[in-house]
Amino acid sequence: MQQTAPLAWPPQLRPQAAAEQARASALLLADSEAPERGPKPMLHGLTERETALVMERARRRVLYRGATLFTQETPHDGIWLIETGRIRVFYAAPTGREITLAYWYPGNFVGGPEVFGAGQHCWSGMAASNSSVLHLPGRTLKELVTQIPTLAVNVIEGVAFKGKCYSALAQMLGTRSITERLAHLLLHLADLYGVEEEGGGVTIAAAFTHADLAHMVGATRQWITISLKRMSAQGVLEVRRSQIVLRKPDVLAQMKSGGDA
């Protein structure tokens with residue numbers, strides 16, 4: 001892949017998208033992790049010269065929605081800094097069943113935990129929407145962090161945040177029922193993308209398919225469909241094509257804590 005001229009960082013985003021992406025570093029966080037406490041963008045705090053140095057050493061790749069960025073059990077080759085779009089990171093079991101670990105947005109990087117290129121990928125990454133990423137090979141990144149202390153700190157903090165996200169996900173999958181996990185996810189999506197409805201309720205103003213939701217809570221698509229229909233019949237929520245309106249968030253909060261709907 002040929003190296004392209006560097007672009008200014010951060011990329012220009014429409015205000016609404018910029019606000020959404022600033023809030024949504026990863027979708028599945030522990031209850032105690034407020035979205036605004038997410039990781040700083042990887043190039044945060046770098047001088048113009050330092051930013052230019054990183055951009056000059058990176059190689060840009062454009063991905064259409066659904067394209068694979070990296071695959072588990074293949075050799076690591078550094079990290080990818082997300083410029084635009086959204087990258088889904090997931091684990092695929094030998095049976096073919098998938099569990100979504102997180103969605104990552106512009107300013108974040110994917111490709112860890114072996115950021116310097118050793119070992120094999122523990123999971124896979126794909127473009128959840130049309131995206132552009134900057135690839136920094138492991139050897140290149142290692143050279144850059146020795147020259148730019150701020151970059152080194154940002155990479156360390158990014159890896160630490162990812163560890164907390166994946167730890168929270170493991171705890172949630174291991175200690176909560178599927179119903180509790182779905183309630184947790186819906187409330188978290190409403191926190192990230194919620195738009196108040198005039199007649200009451202909160203619309204999750206982002207499109208997630210039933211398969212997307214299933215991958216995030218460790219369920220089947222059929223189970224998600226049945227559960228949403230049941231919640232809709234109870235008046236807890238309303239499904240409008242690709243959007244979900246939460247009518248009774250308090251009931252979801254009760255379900256999230258282990259109570260009955």
Side-chain angles (χ1 to χ4, degrees), residues 17 20-21 23-29 35 63-73 80 82 84-105 108 110 121-131 133 162 165-166 168-174 176-195 202-234 236-247 249 252 255-256 261:
E20 291 174 354
Q21 292 165 351
R23 294 197 305 269
S25 298
L27 285 181
L28 294 173
L29 301 174
L63 303 167
Y64 290 106
R65 180 179 179 181
T68 298
L69 182 58
F70 55 90
T71 307
Q72 66 190 58
E73 298 182 356
W80 289 266
I82 305 171
T84 61
R86 181 175 62 163
I87 302 297
R88 171 180 172 244
V89 176
F90 63 96
Y91 173 79
T95 60
R97 186 173 179 179
E98 297 177 358
I99 181 69
T100 294
L101 303 177
Y103 285 87
W104 298 103
Y105 292 77
N108 298 143
V110 294
H121 288 288
C122 302
W123 40 74
S124 301
M126 64 169 288
S129 63
N130 293 343
S131 307
V133 297
K162 292 175 188 295
C165 287
Y166 299 157
L169 175 61
Q171 293 173 32
M172 184 175 71
L173 292 175
R176 293 185 178 183
S177 69
I178 301 178
T179 299
E180 291 169 359
R181 298 199 295 264
L182 177 58
H184 171 91
L185 177 62
L186 292 174
L187 289 171
H188 195 68
L189 292 177
D191 186 43
L192 296 176
Y193 303 107
V195 175
V202 179
T203 297
I204 299 175
F208 291 96
T209 66
H210 290 188
D212 291 334
L213 299 178
H215 290 156
M216 284 186 275
V217 299
T220 64
R221 181 184 59 78
Q222 293 84 353
W223 186 91
I224 292 293
T225 299
I226 292 171
S227 296
L228 292 179
K229 286 183 178 179
R230 176 173 59 85
M231 293 180 186
S232 179
Q234 295 172 336
V236 177
L237 54 79
E238 179 183 348
V239 179
R240 297 177 181 171
R241 294 185 180 180
S242 60
Q243 290 188 334
I244 298 174
V245 182
L246 305 187
R247 293 299 184 189
L252 283 173
M255 293 169 60
K256 170 184 168 183

Study note, to complete from the structure: I99 and G218 have their tightest heavy-atom pair at CD1-N, 3.4 Å
Review point. Can you tell me how far CD1 of I204 sits from NE2 of H188, rounded to the nearest 0.5 angstrom?
Key: 11.0 Å
Point to revise | R240 side chain vs T203 backbone, donor-acceptor pair below 3.5 Å | key: no
Check your understanding: Would a 4.5 Å heavy-atom cut-off, applied to side chains only, mark V236 and L252 as touching?
Key -> yes
Point to revise | CA sep, side-chain torsions, deciding dist, call: Y103, I87, side-chain contact (heavy atoms from CB on, under 4.5 Å) | key: CA-CA 6 Å; Y103 285 87; I87 302 297; over 6 Å; no
Practice item. State the CG-CD distance between L182 and E180, to the nearest 0.5 angstrom. Key: 11.0 Å
Review point. Taking C-beta and beyond as the side chain, do H121 and E73 meet within less than 4.5 Å on heavy atoms?
Key: no
Exercise for review: Supply the atom-to-atom distance L189 CG to I244 CD1, rounded to the nearest 0.5 angstrom.
Suggested key: 7.5 Å
Review point. If you look at every heavy atom in M255 and A183, which pair is closest and at what distance?
Key: CB-CB, 3.9 Å
**Study point:** side-chain contact (heavy atoms from CB on, under 4.5 Å) between K256 and L187, intermediate numbers included
**Key:** CA-CA 9 Å; K256 170 184 168 183; L187 289 171; 3.9 Å; yes
Check your understanding: Tell me, do W80 and N108 make a side-chain contact under 4.5 Å, heavy atoms counted?
Key -> no
Practice item. Output, in order, the C-alpha distance, side-chain angles, deciding distance and verdict of side-chain contact (heavy atoms from CB on, under 4.5 Å) for L237 and R247. Key: CA-CA 5 Å; L237 54 79; R247 293 299 184 189; 5.6 Å; no
**Study point:** C122 versus Y91, closest heavy-atom pair with distance
**Key:** O-CD1, 3.7 Å
Exercise for review: Output every pair passing side chain to side chain donor-acceptor pair (under 3.5 Å) with a member in residues 218-229, not counting sequence neighbours, ordered by first then second residue.
Suggested key: H210-T225
Study note, to complete from the structure: Value for CZ (R97) from NE2 (H215), rounded to nearest 0.5 Å, stands at 9.0 Å
Practice item. Answer yes or no: is there a donor N or O on one side and an acceptor on the other, between the side chain of S129 and the main chain of R86, under 3.5 Å? Key: yes
Review point. Ring centres of W123 and F70 under 6.0 Å apart?
Key: no
Study note, to complete from the structure: For V217 and R181 the tightest heavy-atom approach is O-NE, 2.7 Å
Exercise for review: Please name the pair of heavy atoms, one in G85 and one in S131, separated by the smallest distance, quoted to 0.1 Å.
Suggested key: CA-OG, 3.5 Å
Point to revise | Under 3.5 Å donor-acceptor, N130 side chain and Y64 backbone | key: no
Check your understanding: Which is it for L228 and L213 under the side-chain contact (heavy atoms from CB on, under 4.5 Å) test, yes or no, and what are the steps along the way?
Key -> CA-CA 11 Å; L228 292 179; L213 299 178; 4.2 Å; yes
Revision key, fill the gap. So CG of L246 and CD of E238: to nearest 0.5 Å the spacing works out to 10.5 Å
Practice item. Spell out, as yes or no, whether a donor-acceptor pair under 3.5 Å connects the side chain of R88 to the backbone of M126. Key: no
Review point. Which pair of non-hydrogen atoms, one from V202 and one from G194, has the smallest distance, and what is that distance?
Key: CG1-CA, 3.5 Å
